[in-house]
Peer 1: 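Below: one structure in structure tokens.
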Amino acid sequence: MTLVVPTGGDTTLVPPGVRAGGAKSVLLLTRVVRHTGERDTADDARALRDLLADDDEAQADDEPWSGERTYDRLLARHTHLHRTAYHRVTLDLAAEDTERALPGSELLTLAKSPALLERLFAAGRYHLLSVSGMLPPRLVGLWTGDWNTAWSGAFTTNANLNLQTASAAAGALPEVTEAHASLIHRQLHDWRDNARTLFGARGVVAPTHTDGESGLAYHFSREYPLHLWTAGADWLPKPLVDHDDTQGVRDPRTAALLAEVAEFYEDFLTRTDADGHLVVVPSYSPENRPTGGSWGAVNAAMDLSAARHALRTAADHHPDYPERADRWRALADRLPPHRVNADGALAEWAWPGLADTYDHRHLSHLYGVWPLDEINPYDTPDLAAAAHRALRLRGAENDSAHGHLHHALVAARLRDGERVTHALGQVLDGDFFHASLMSAHYPGRNVYNADAAHALPAVLIEALVQSTPDRLVLLPALPMACPTGRLRGVRTRFGAEVDLDWGPGRGRAVVRPTRTHRIDLRTPAGSHTLDLVVGEDHVLDLGAR
């Protein structure tokens, strides 16, 4: 139901539309209600008219409205309600004021402008919070851009949803995580059916696609055997774990979910290789396959990382049940190590004879780098070097936005600012953004899609500040487009807020802990341990870079 409110002039119904004449402006207020069968729209019309009225005034149905006045009032009310969320984390890249003043359509023509990155960072947070309510963002956000929406306007969980919500914990948007949790918990009964029906196992298996209602696995095909993908039940709860780390309080629902994921792996991991390692079979690396091999494979790197992480995280969340926790850790220890192939790269399948297919938009095999902390330059430098080699060999395939920004997130974890810069450049120079600063899936604004808009803030945060429950990394992969700037309010997984300032040859950070904890600090100037005490701010001089 749409209410058309002109400022001046008049409107005439001209089915199937409306003609406005002599109006200074026209305000359109639309209410979307999910229903089945016939619907009495009188209540919808009344709700829209009530929205127009001031809180302390009544309005007759036939009394004319001023669309301009109403728009200003509604915007002011919206701003008051939402400003706090946007001010929790802010990015200032010392852009020129003249460029900051440009409308989005003009600013988008200045691909190298720091003002464009500032605007896209703010707009990405705005769009992300706007679409996160009962559910997290769909592939097209909360909108469609088309009557025949791509991918049915649903959720894809093997990369897209996870990329879109990647900034929620560090970017201080718990509302996004709450919406993400809602999607998961309302579908768990279907996840259990997937585990039982497909694999004869207890626990849960997440679908690769969902319409937001059903969580059942519906997608069966030879080319995309998505029903063979078991890592989703680890990846999808990861933002919930990060949120709990950030807040310092464990949600019992998350702990219960992690236990079900671990139970699945107890039943699923039953085969061993000649060396006694467990074998993940069937195994699937979204949405790729070995060169000349089958889509359904063995020991995909993503599946190995997911199983290890799921079992160990579940054990950490259940210290009151030591026997069960020990059993899960022992199972994780029996999984095989990652394989490094003849090119010196982390192999996408840790099984002899399965050759890598490098030109692909997904980077599923680098799941252990991002979003997990399994592979990193500090604890596993050799594996990190192999992962870096795999990243350098990876092609962009069809230039999808999610592929470029996924590449940037992995590069940031591997401290490669040049690759972060290149990946950002591919998106900024590729005409991916509409004038609304919502994005497209392919260059030239081809196929409306929210991946780039929502994931870009996460890329910028990861390039500047990274954290685990025991580590803080500052300025790991500074993009060349951001030589000077200020980032305020980033949340860390060890319970602290971080403000960061940087410029040529200088850097400064303020860490405000909410928990007492010892962490490993990594900066361009070096590394050392840092003892944090709740309530005591730490000012860090990052030194020359």
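In this text the structure is predicted, and so the values were computed from the model without any measurement.
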Peer 1: When you check the gap from the basic side-chain N to the acidic O, do Asp242 and Lys238 get nearer than 4.0 Å?
Peer 2: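 Salt bridge present between Asp242 and Lys238.
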Peer 1: State whether Glu223 and Arg289 are salt-bridged, where the test is any N-O pair (Lys NZ or Arg NE/NH1/NH2 against Asp/Glu carboxylate O) under 4.0 Å.
Peer 2: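 Looking at Arg289 together with Glu223, the answer is no, because their closest N to O distance does not fall below 4.0 Å.
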Peer 1: Tell me, please, which residues at least two apart from Trp351 pass ring pair (Phe, Tyr, Trp, His ring centres under 6.0 Å).
Peer 2: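 Ring pair (Phe, Tyr, Trp, His ring centres under 6.0 Å) list for Trp351, sorted by chain: empty.
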Peer 1: Take Leu129 and Glu175 through the test side-chain contact (heavy atoms from CB on, under 4.5 Å) and record every step on the way to the result.
Peer 2: CA-CA 7 Å; Leu129 185 59; Glu175 299 88 347; 3.6 Å; yes
Peer 1: Measuring only between side-chain heavy atoms, which start at C-beta, is Leu163 closer than 4.5 Å to Trp370?
Peer 2: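 Counting from C-beta outward, Leu163 and Trp370 do come under 4.5 Å.
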Peer 1: Using side-chain heavy atoms (C-beta onward) and a distance below 4.5 Å, is Val249 in contact with Asp244?
Peer 2: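 They are not in side-chain contact.
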Peer 1: Less than 4.5 Å apart, side chain to side chain, heavy atoms only: is that true for Ser167 and Leu128?
Peer 2: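 They are in side-chain contact.
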Peer 1: Fit a plane to each ring of Tyr86 and Tyr126, take the angle between them on a 0 to 90° scale, and name the class: parallel (under 30°), tilted (30 to 60°) or perpendicular (over 60°).
Peer 2: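 Rings of Tyr86 and Tyr126: tilted, 30 to 60°.
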Peer 1: With sequence neighbours left out, what residues match His277 under ring pair (Phe, Tyr, Trp, His ring centres under 6.0 Å)?
Peer 2: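 His277: no ring pair (Phe, Tyr, Trp, His ring centres under 6.0 Å) contacts found.
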Peer 1: Please determine whether a side-chain nitrogen of the Lys or Arg among Asp356 and Arg394 lies less than 4.0 Å from a carboxylate oxygen of the Asp or Glu.
Peer 2: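 Salt bridge flag = no for Arg394 with Asp356.
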Peer 1: Using a strict threshold of under 4.0 Å (side-chain N to carboxylate O), is an ion pair present between Arg493 and Asp470?
Peer 2: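 No, no charged N to carboxylate O under 4.0 Å.
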Peer 1: Taking only residues at least two apart or on different chains, which pairs with a member in residues 198-207 satisfy salt bridge (Lys or Arg N to Asp or Glu O under 4.0 Å)?
Peer 2: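 Those involving residues 198-207 are Arg202-Glu266, Arg202-Asp267.
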Peer 1: Side chains of Arg471 and Ile519: closer than 4.5 Å at any heavy-atom pair?
Peer 2: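 A side-chain contact under 4.5 Å is absent here.
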Peer 1: For residues 151-197, pull every pair meeting ring-ring contact (aromatic ring centres under 6.0 Å, His included), keeping only residues two or more places apart or in separate chains.
Peer 2: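 Residue pairs with at least one partner in residues 151-197: Trp151-His441.
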Peer 1: Other residues, nucleotides and ligands only: do more than 12 of their heavy atoms fall within 6.0 Å of CD on Glu178?
Peer 2: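 It does not: Glu178 CD has 12 such atoms or fewer within range.
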Peer 1: Would you mind listing every ring-ring contact (aromatic ring centres under 6.0 Å, His included) that reaches into residues 228-263, with sequence neighbours excluded?
Peer 2: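 Matches after skipping sequence neighbours: Trp235-Tyr367.
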Peer 1: Can you name the residues that form a side-chain contact (heavy atoms from CB on, under 4.5 Å) with Ser283, not counting sequence neighbours?
Peer 2: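 Ser283: side-chain contact (heavy atoms from CB on, under 4.5 Å) contacts with Val280, Ala300, Asp303.
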Peer 1: Please work out whether the ring planes of Phe268 and Phe264 are parallel, tilted or perpendicular, with thresholds of 30° and 60°.
Peer 2: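 The rings of Phe268 and Phe264 lie parallel, inter-plane angle below 30°.
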Peer 1: Below 4.0 angstrom, N of the basic side chain to O of the carboxylate: do Asp273 and Arg334 qualify?
Peer 2: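 Judged by the 4.0 Å cut-off on N to carboxylate O distance, Asp273 and Arg334 do not form a salt bridge.
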Peer 1: How about NE2 on His434, more than 12 heavy atoms from neighbouring residues, nucleotides or ligands closer than 6.0 Å, or not?
Peer 2: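 For His434, atom NE2 is crowded (more than 12 foreign heavy atoms under 6.0 Å).
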Peer 1: Tell me whether the rings of His454 and His127 are parallel (<30°), tilted (30 to 60°) or perpendicular (>60°).
Peer 2: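 Taking His127 first and then His454, their aromatic rings sit tilted (interplane angle of 30° to 60°).
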Peer 1: As an exercise, state the distance from CD of Glu348 to CG of Asn288, rounded to the nearest 0.5 Å.
Peer 2: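 Going from CD on Glu348 over to CG on Asn288, the span is 4.5 Å.
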Peer 1: Report the relative orientation of the aromatic rings in Phe432 and His404; use parallel for angles under 30°, tilted for 30 to 60°, perpendicular for over 60°.
Peer 2: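 Because their plane-to-plane angle is over 60°, the rings of Phe432 and His404 count as perpendicular.
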Peer 1: Establish, yes or no, whether a centroid distance under 6.0 Å links the rings of Tyr224 and Trp295.
Peer 2: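 Centroid distance Tyr224-Trp295: below 6.0 Å, so yes.
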Peer 1: Between Pro137 and Ser132, is there a side-chain heavy-atom distance shorter than 4.5 Å?
Peer 2: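 The answer is yes, as the side chains (C-beta and beyond) meet within the 4.5 Å cut-off.
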